[in-house]
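Per chain, numbering begins at 1; letters A, B, ... match sequence-line order.
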Amino acid sequence: MVIAKDFYLRTDVVSVARDLLGKLICTRVNNEVTKGIITEVEAYNGVQDRACHAYGGRLTGRTQVMFEEGGIAYVYLCYGMHHLFNVVVSHPHDPKAILVRSIEPLSGGGVMLMRRKPSGRIDRSLTNGPGKLTKALGINISNNGMALDSEELWIENHLNISDNDIVTTTRIGISYAGEDALLPYRFYIKGNEFVSRY
DNA sequence: GGAATGATTCTCT
DNA sequence: GAGAATCATTCCG
């Protein structure tokens, strides 16, 4: 069942991030459906968060989708070769987003393998990283700004993860953010092996 | 126009 | 654990 829009309109991005754990990211590309359980996320807390692309209210061509109403995708190219997938949260002009860092393949695993590494195997290395899962799901820049109840891209309810099964840590790869790099904004499902780092 | 820089991943060693 | 790959975006002039 596709998640209702209200889910994304809350202003507390950390709460939405924790609630995203256990949900399904689904894509349909060339009529091939792939689905993965969200196992790891990071929250980016708007204008006050130095790690957020929209820090200080920076409104640019890239960040503008974060300034729109929650419930859409923010996809951008990182390091010139990896697409990273984010969920935009909160109301217009409150640029908060959640980076999905890892998923566990649920269906379409064979398709994901072909997109990633045909000679590989379906294991944690297939989708345990933000750049890996977008490639496996066929997500790219054309999905930027797309609503998360679209025919090609949507998020479904699946598992309910209790607070006791969520591990909280600091975010990865944002040392440029100074003290904000120490914020406890990374969450993953305890005991799940489809996580980028433990 | 030009230079710097990543919300990363893969391949060696 | 170190180094390369690789380019859109951003900021400065």
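Judged by distance alone, the side chains of A/Glu104 and A/Asn192 do bring a donor and an acceptor atom under 3.5 Å apart. No side-chain donor-acceptor contact under 3.5 Å links A/Ser196 and A/Ser102.
Within the 4.0 angstrom heavy-atom criterion, no nucleotide atom of any strand lies near A/Arg50.
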Exercise. Using Watson-Crick or G-U wobble pairs with both distances under 3.5 Å, give me DNA chain C in dot-bracket, 5' to 3', with [ ] for crossers and | for pairs to another strand.
Key: |||||.||||||.

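Read 5' to 3', the first and last nucleotides of DNA chain B with an atom closer than 4.0 Å to a heavy atom of chain A are B/dG6 to B/dC10.
Taking the ring axis of A/Tyr76 as reference, the NZ or CZ atom of A/Arg62 stays within 45° of it and closer than 6.0 Å to the ring centre. A cation-pi arrangement is absent between A/Arg58 and A/Tyr55, since the terminal nitrogen or guanidinium carbon is not both under 6.0 Å from the aromatic centre and inside a 45° cone about the axis. Annotation: cation-pi pair A/Arg101/A/Phe194 absent, no NZ/CZ under 6.0 Å from the ring centroid and within 45° of its normal.
Electrostatic pairing of A/Asp19 and A/Arg10 counts as a salt bridge here, judged by a charged N lying under 4.0 Å from a carboxylate O.
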For nucleotides 10-13 of chain C, tabulate all protein N/O to nucleotide N/O atom pairs closer than 3.5 Å, reporting atom names and distance.
residue : atom : partner : partner atom : Å
C/dT10  : OP1  : A/Thr60 : OG1          : 2.3
C/dC11  : OP1  : A/Arg58 : NH1          : 3.3

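Note: the hydrophobic cluster containing A/Leu21 also contains A/Ile3 (ILVMFWY, side chain heavy atoms under 4.5 Å, direct or indirect links).
Contact check of residues 179-197 of chain A against DNA chain C (heavy atom, cut-off under 4.0 Å) returns no residues at all. Sorted by residue number, the members of residues 66-86 of chain A with any non-hydrogen atom under 4.0 Å from DNA chain C read A/Leu77, A/Tyr79, A/Gly80, A/Met81. Listed in residue order, the members of residues 95-102 of chain A having a heavy atom less than 4.0 Å from DNA chain B are A/Leu99, A/Arg101.
A/Arg171 places no side-chain N or O within 3.5 Å of a backbone atom of A/Tyr185 that could act as its donor or acceptor partner.
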